[in-house]
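In what follows, chains carry the letters A, B, and so on, assigned in the order in which the sequence lines appear, proteins first and then strands, with residues in each chain numbered from 1.
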Amino acid sequence: MYRPSSDMLLLAILRCLALIAVAIVLLIVVFLLIESLPAVRSVGMLRFFGDASWHPAGGAEAGRFNLTPMLIGTVAAAAGAVLLAVPLGMGSALFCRFYAPRRIGGVYRRLVELLAGIPSVVYGFWGLMVLAPLIRQWQPPGQSLLAGILILTIMILPTVALLSESSLRSVPRSYLDGASALGLSRWSTIRGVALPAAWGGIFTAVLLATGRAIGETMAVLMVAGNVVQTPASIFEPVRTLTANIALELGYAMEHHRSALFVSGLVLMVMIVVIVSLASWINRGRVHV
Amino acid sequence: MTRSNLQITTPSDVSAGEVARAVTGASAEDAAKAEHLGVAASDRAPCCMDREPVVCTEHLTVQYGGQTAMRDVTMPIYRGCITGIVGPSGCGKSTFLNCLNRMTDMTEGCRVSGRVLIDGGDINHGTVNLLALRRRVGMIFQKPNPFPLSIRKNLTFPLKEHGVRSGSQRESLMTTALQQVGLWEEVKDRLDAPALGLSGGQQQRLCLARALVLEPDVVLLDEPCSALDPIASGVVEDLIDSLRGRYTVIIVTHNLAHARRLADDVAVFWLEEGAGTVIERGPAEQVFTAPRHPATAAYVEGRRG
Amino acid sequence: MSDVKSSQPAWMSNRHFDWPDRLATVLVWLVAISIVAIFVWIVGDLVRHGVPHLSVSFLFEAPRDAGRAGGVGPILVSTGLILGVCLAVSIPVGVGTAMLLAEFTRRGGGFGLLVRRSLDVLAGVPSIVFGLFGNALFVIYLGMGFSILAGGLTLACMVLPILIRSTEEGFRAVPDDYRRAAAALGLTRSAALWQILLPAATPGLIVGLVLGIGRALAETAALLFTSGYVDRMPESVLDSGRALSIHIYDLAMNVPGGDGNAYASALVLIVLLLAINGLTFWLADRWLGRRITPQ
C-alpha cells in the first residue's frame, strides 16, 4: 500500500504520542508496586488486614499496619452515597427528560452541569462550615460518616444525573411514541419502556459514580472527622483510605510511606475492577 | 466541425445556464491557455472520434468483506469521450467508479481483483503513487462536498499541497477554474466567504472547479446532479457537456435521459447472480436505439430497473 | 354544546385517578426542587460569606498571617503556572492521540484498543493516587522536588483522558465527505488533517479543554504532594507553588480564623471556572462562526 513519507512520519509521531497514555498507566502501576514493595516484603500483606491498629510510624516490627478500618470507612461512605445519589440522580434525569417544561428543563440541566463543575475542595469547605455544624447540633461531633456520606452524595449526584439522562435520551423516540399510542400513562411509559431500554447506560453511570465516590479525597477529608476507627454508627467520625494518604504522606517515612502506597494500590485495584465491569457492561456500545 | 472545438472557458457575461454553449473554432488563444494550464497542445487534439482507450479494466471484480459486489468487468474507456454508466441502484456502478482512482482503498474489507490500466499502467501496482493517481483522475461526488474553508482556499489549498508554490500562479489557476465552471462572476466578490454558504448547485460547481484546477486527464462523476434541484442540475449538466474532448469523463447516473443527452458511450450495469456486472456497452446511439441484451431493452424503455 | 357534553361516554371522563403516575410526578418534582435548593444553598452561602472579604486588592496582595489576612496574588500566579504546564503538555499529547484513535485506527483494532483501555483506566484513577504517583515519579525519582513543574505534569496525566475523549468525538463528528473529497483530490492525509479535519474538529477540542481546565483548576489531592504548599510568589516553574484549591483547603483545615479568606478564595475559584468556561465557548463561537456558516 502506497503511503507518502509525510504521512508515515505523522503516523509514527501520533503512535508515539498515543503510547504516552499507555505508558502513564504502566508507570502508575509500576511506581505503586515499587513503592509498596518494602512494606509488603517486611510487613507482609496479612498484617495490613490483621494488625491490632494503625500506628505505622514504629517501623516494620513495632508498627501496627491495620488498614481495615479505613477500608471500611471508604466502603461505608461510598455505599451510603451511592444509595442516596442513585434515586436522586435518576429522579433528576427523569425530570429533565420527561417532566420538566422545555425551558425549565434546559436551565435545570445547566444547573446540574454547574454542580458537576464545583471543585471538591469547595464542597468539602461548605460541608465543614455548614453541614457538619448542623449535624453537630443534632448528634455531636458533627464531623462524621453521615457528613461524609451527604457531601459525597451531592458530589456524585450530577454524575448519575447527567449520564442517566444521556442514556434516557438515546432511547428511540419511537419506543416512547409506541407506548403513548397504547394509552399508557407517563409513569408506566417510563417504568415499562424508557428505564428498561436505558438500563445499561444507567448502570454504567452508577458504576462510574461509585468509582468517583471511592476515589474522592478532599471533600471526605474535610468533613468526616478522620478518626481511625470502625464506626459504630453513622454519627461517628471515620477516616477513608484516600484521606489517610492525604493526611500522612507529607511526613511518612520508610515503611509508613510504603504502607500508604499499599493503600493506593488497594484503591487502584478497586477502581480497575469497577472500570472493567463498566466497560464489560458497555461492550459494543459507543462511549457516552 | 468536431466536438473537440467546443470552447471551454465560459464567457463571463453569459449566464450560468448557457455555460459553454458558445461554439467557436479553436483559436491561438485557446492553445495558449492550454499551454498555460500545463496541458501540451498535442494532448488536447484527441477527441471521441479517435477511439483511443485511455482507461481499461480487465476482469475487474470487487468484494466487500467476502461479498462480491461487482464481477468481471472488462471495459475500455476512450479518450475525450463522455462514458455514461447506467443501471438500477445497487448494481456496482459507484463501485466501478471507485476502482478507477482507488477510492476503494478507503473502504475497510474491500478487495479488488483484476486490473485497471490507465495509459497502459496498472494503477493497483505496488509502486503507484496514489496521490499522483488521484490528481490525474479527479472525482466529483453525489453530494457536493466542498471543504469547510473559504471559496478561495478550497481551490488554492489542494494546489499548494500538489506543489504549486507561487501564490500568484495559484490565484490565476483558481480564476481560470472558476471561470471554467461559470462560477467566477457569482463569487469573484466574495472569494473569502465560506464555501458552505454557497447554494447546492454552486457548491457542486465549486467541487468540479476544485477537481479541474488540478488538471486531471480523467474526471469521474458519481451521480453529480442527483442531489441538486432541476435548474442547478441543468447548469451542471451543461458544464459536463463542455468537458467533452478535453477530459475523459466517466459519469454514473441512473437518470437515463441524462445519459442519453450527455454520453458518447454507455455501459449498462445489471445485477447478475447477486453481483453487478456490465451486460451491454457501446456507443450511446446503439445502446439506446438498438439494444442487444433483453434486459437493456427493457431498461431503456423503462419497463424494468 | 351542552347536548354534546352530556353525551360523553363514561370511559372518556377524567375521573379515574392514576395513583402511581401522580406519585411519581410529585416525587420527581420534589427531587428536582431539592437539587435546585441545594445548589442555591451552596452558592448563596459562598456568595454571602465570600463577597465581604473580596476586593481588587485581594486578587493582587500576598497572603499575610498564614492567609488570614492579605490576598491570593502569588497563589493565582502559581495556579496559572501549574495550569500552563499542564496544558502545554497535555494538549499536544491529547490532540495527537485523539487524531490517531479517530483517523488511523480501526475500531476494535489491537493498538487502538490498548490505548482506549488505558485511557478508561486513567479516567478512573483517584486523584490521590495520581498524587502518590506524581510524588514518586516527578518529585523524587526525576528529582523535580515539590515544584510547579511536578504538579503541572501530574495534572497533565489526569486531564489527558478527558481531553482525548472529547477531541476524538470532535474528529468523529466531522463528515466523512471531507475525507473522501481530500482523498479524491490526491491530498496527503497529513494535509487533510491539518487543514481540514483539525479545524473542523475544533469544537470537540474546545469542549475537552474546558472540561480539562475545570478538572485541573478544581484539583487538590493530586497537588498536595507534587506542587506543595509554599504560598510565596514563584520565581520559576521549579519553585513550589500553592494552587488556589490547596489554599482553600489549608485555610479551612489548618488555619483557625481563616474561613473568611477561604470563602473569598472559593468564590474566586468558582468565578474563575465560570469565566474560563464562558470565555472559551465565546471564543469558539466567534472563531468557528467565521469558518462555517450554517446553510
Residue pair [X] / [Y]: nearest heavy atoms and the distance that separates them:
| X | Y | answer |
| --- | --- | --- |
| C:A183 | B:M106 | CB-SD, 3.4 Å |
| C:G186 | B:H162 | O-CE1, 3.0 Å |
| B:P146 | C:Y178 | O-CE2, 3.4 Å |

Just give me the residue among C:V174, C:D176, C:D177 that pairs up with chain B most often, heavy atom to heavy atom, under 4.5 Å. C:D177
Should the heavy atoms of other residues, nucleotides or ligands under 6.0 Å from CD1 of B:I231 be counted, would the total exceed 12? no
Decide if atom CZ of B:R111 counts as having more than 12 heavy atoms of other residues, nucleotides or ligands within a radius under 6.0 Å. no
Quick one: does B:F147's side chain get under 4.5 Å of C:L185's, heavy atoms only? yes
Check against side chain to side chain contact (heavy atoms under 4.5 Å, CB included), C:R180 and B:N98: CA-CA 11 Å; C:R180 291 168 60 79; B:N98 280 319; 4.1 Å; yes
Would you sort out whether C:L187 and B:L131 count as a side chain to side chain contact (heavy atoms under 4.5 Å, CB included), showing the intermediate values? CA-CA 6 Å; C:L187 302 178; B:L131 305 185; over 6 Å; no
With a 4.5 angstrom heavy-atom cut-off, is it the side chain or the backbone of [X] that approaches chain C, or both, or neither?
| X | result |
| --- | --- |
| B:K160 | neither |
| B:R136 | neither |
| B:P216 | neither |

